[in-house]
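Pasting a structure below so you can have a look.
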Amino acid sequence: MAVLGDRGVASLLSALAEAPDLPAAASFLLAQLVDITGTPRALMLRLDPAYEALGYIASAGFDPEPTRLSIPLVDLSNPLVISTLALVPVRGSKSLGFRALAGIDEWLLLPMSQPRQRGAPERMAPQRASELIASPSITVLEPAPRRLGVAPAGIVLFEGPVDGDAVAEAAEVMALADPIVSRIATLDLAQELADQLAQRRDRLTLMVDSLPDPVVITNAANDIIAQNQRAERLLHVRDDDSPGRRRAIELNNLLFTSFLSKAAMAGVQQSGARELNLVDPDEGNDLLFEVLAHPLGERVGPEDAVLSVLRDVTDLRRAANELERQVQRVRQAEISVRGERDRLNLVLKNVADPILVTDERSNIILMNDQAEQLFQMTEAEARTRRELTAVRGNDTKFTSFISEFALLDDDSRRERMTLVYPRTGMELPVEVVSGKVRNQRGEPIAIVSVLHDLTKQVENERLYEALKRLNSELENRIKEATADLAEQNARLQWQSQEVERANKLKSEFLASMSHELRTPINALIGYSSLLLDGVLGDVNPKQRDALARGRAAAEHLLALINDILDLAKIEAGKMPLRLEDVSLRDVTLEVTQQIEPMVRKKQLEFEIDVDPDCPAIYSDRTKIKQVLLNLLSNAVKFTTKGRVSVETRCAADGVRIDVVDTGIGIRPSDLEAIWEDFRQVDQSRTREFGGTGLGLSITRKLLERLGGKVIVKSTYGEGSTFSVYLPLRVAPGIGAEYTAENVTTVGD
Ligand code: ADP
């Protein structure tokens, strides 16, 4: 060691080892080598990490420093490359061809080595180096003793002639320094890589943390081994967390762990998203996540690690639900609209009146069958010109009405018009009733028109007019007639007053004549009886017969007079009531006693059946007796064989007395006439049966006075039943026209 000596080398190496980085180490070493070689300029190049080129590391004496110098390794004609790869020193006196190295015409190259590493270029055989050089001005020097396990690392260029000792010393120093420089280079590289990795990791962390979705890596025990910030917020308890937040996070961990266990059991880790409910520890509301779990496998971490990405789908789901609800609503609306439309169509189809819908430009957009008959016909469909004209006429009338209406502000309008049935040519008077359909902004969008058939109404109006005319004619005629009638009426009124007066006079006359008429007849009857009884001496049979006939005629006359007088009294209103409690049983018995001789004479069966429960009725005893006597004497009179009976039945509202016979009966045609005054059905039989024809008339009138009535049922040739109905009490109104005095007076 000429320049440095062993100690110098040792201190150089230890100083080199202290170098903080490769450039410092390289500069230091190069400075030492410059010292050793006494060269004016020196340059150190090293293989780049990719082993593709020789690049600048350090220089001495260069101005400017050739920092940008780079020599590709593939250039095997370059002595620097050959020297580097073959690890042989090379000397030359020839320009190296680089502008940065201009002026260096004589030079020495000493290679640098490094421990062999994966990927590093193989050392080139020295033999091949000599072959490649093949230039008389460049010499391959004897290489340093060969060391095993070394690979090319770089090269040092020295300018100018360097003597043999200096070369050897420099080579030796380099051989010793190379491993240290390599190690520093490796460390530099490692540091650089570490820096890069750190940078990359920071970027990745930033990236993962800035993800809005929680990302978690879990191990086989479902423990979280890595997570991003968002996941931490949900799943990681911090020391300063409130108890509420802590509980929420614990719950989240529980939910998440159980989710992972379930997923692992179901083996669905690979098969995509599953849903997970968590709680927002800050807000407390529910969050819904879609978990995408990826087993990481051995590529990245432990084999059983699982990366879970939790996609927050709370809003998405809410939106989806809302969307679904909207869709449902729309669908529902569609269904109801469809139903509505079907119903409308049904209505349109079934309504007997024509219906049309027009748009805002008065075009018909919808009509039912009835309307089509009036407004729709193509030239092809029309059978005659007339039909087409009718349709067009209808359309013109309708459209002009609608256009006018469309311009108005009104919501509805009605108008009469006369259309024509195209098929028949018949006129159709209609009333068009139109209404506007408005949208939400109140703008009219359509007009619906219904055409009411007025045919009937028009006909009715015509008839009404005719009727009115007739009516007024009739009125005039009636007026004329009424004038006549009034006159006649006046006359009639006068006549009726006259008649009434006469009738009253007659009745009064008869009533007052009662005594005058009956006294002489009674005298006749009395004296005839005296003669017949022989009180005035004997009479021979002939005289007796004449006397008997005379007495019978007088008795008949008396009966007639009595009846006529009764009737007259009733009609004159002079038949006052004498009201008292009347036992029907007693009355019936008294009357039957009177009738009995007749019954016996005619050998008839006779029966009385009076309901023993019948109460006494409050009525006029004499009049009831007269009624019963009339009916019973008729029954006996018109019965030649068989029986006559009297049945009395009582009810809550009155009594009924039936007088039943098995006599000659009455023809249905005579059933009305028997009640008339002086009416006898068979005049020819009067002689046989006797009678005045007043009995039933009086009976009916008496019963009317007593508030009762009499009806007859009869079968001609078989017999008759006369039924008398009497109230239990004569109603107060009856007889009220009489004073108390009058009531007790029995007219006779
Ligand atoms: P007369 O005094 O003739 O009986 P009435 O007024 O009592 O008058 O009767 C009128 C007529 O009604 C009688 O002439 C008789 O033709 C008919 N008549 C009344 N009662 C009976 C009866 N029970 N059976 C058949 N005919 C009767």
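When a ligand or atom number is given, it counts from 1 through the structure's own listing order.
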side-chain contact (heavy atoms from CB on, under 4.5 Å) with Phe405: of Arg414, Lys436, Glu415, only one passes, and it is Lys436
| said: Check this for me: does any side-chain nitrogen of one of Glu647 and Arg656 sit under 4.0 Å from a carboxylate oxygen of the other? | reply: no
Practice task
Examine ligand 1 and decide if any of its atoms is less than 4.0 Å from a heavy atom belonging to Gly663.
Solution key: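 Outside the 4.0 Å threshold, so no.
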For Lys637, the atoms of ligand 1 under 4.0 Å from one of its heavy atoms are 1 (P), 2 (O), 4 (O)
- prompt: What pairs with Phe401 under ring pair (Phe, Tyr, Trp, His ring centres under 6.0 Å), at least two apart in sequence or on another chain?
  reply: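 With neighbours one apart ignored, the set is empty.
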(Q) Within the 4.0 Å heavy-atom shell around Asn634, which atoms of ligand 1 are there? (A)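 Selected atoms, number and element: 4 (O), 5 (P), 7 (O), 9 (O), 19 (C), 20 (N), 23 (N).
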- request: Output the list of atoms in ligand 1 that are nearer than 4.0 Å to some heavy atom of Ser720, sorted by atom number.
  value: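 With Ser720 as reference, the close atoms of ligand 1 come out as 24 (N).
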Review point. Should Asp609 and Arg649 count as an ion pair when the cut-off is N to O under 4.0 Å?
Key: yes
Any heavy atom of Leu694 under 4.0 Å from ligand 1? The part involved is backbone
Rounding to 0.5 Å, atoms CZ (Arg544) and CG (Leu532) come to a distance of 6.0 Å
- Have Arg551 and Ser529 got a donor and an acceptor in their side chains that come within less than 3.5 Å? yes
**Prompt:** Ile666 heavy atoms, cut-off 4.0 Å: which ligand 1 atoms fall inside?
**Reply:**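 Ligand 1 atoms under the 4.0 Å threshold to Ile666: 25 (C), 26 (N).
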Counting from 1 in the order shown, the ligand 1 atoms closer than 4.0 Å to a non-hydrogen atom of Ala635 are 23 (N)
Note: Thr699, heavy atoms under 4.0 Å from ligand 1, region reported as neither
Margin query: Below 3.5 Å, N or O to N or O, backbone or side chain included: is there any such pair between Leu696 and ligand 1?
Written below: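 Among all N and O atoms of Leu696, at least one is under 3.5 Å from an N or O of ligand 1.
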* Asked: Does a side chain donor of either Ser723 or Asp658 reach within less than 3.5 Å of an acceptor in the other side chain?
  -> yes
Note to self: Does only the side chain of Ile664 get under 4.0 Å from ligand 1, or the backbone, or both, or neither? Count heavy atoms.
What the structure shows: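 For Ile664, only side-chain atoms sit under 4.0 Å from ligand 1.
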N/O to N/O below 3.5 Å, does that happen between Asp661 and ligand 1?
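Looking only at distances, the answer is yes, because the N/O contact criterion of under 3.5 Å is met.
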N/O separation below 3.5 Å, Gly695 to ligand 1: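 Min N/O separation from ligand 1 is below 3.5 Å for Gly695.
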Practice task
Determine the minimum heavy-atom distance between Asp353 and Leu451, stating which atoms define it.
Solution key: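 Taking every non-hydrogen atom into account, CB-O, 3.3 Å.
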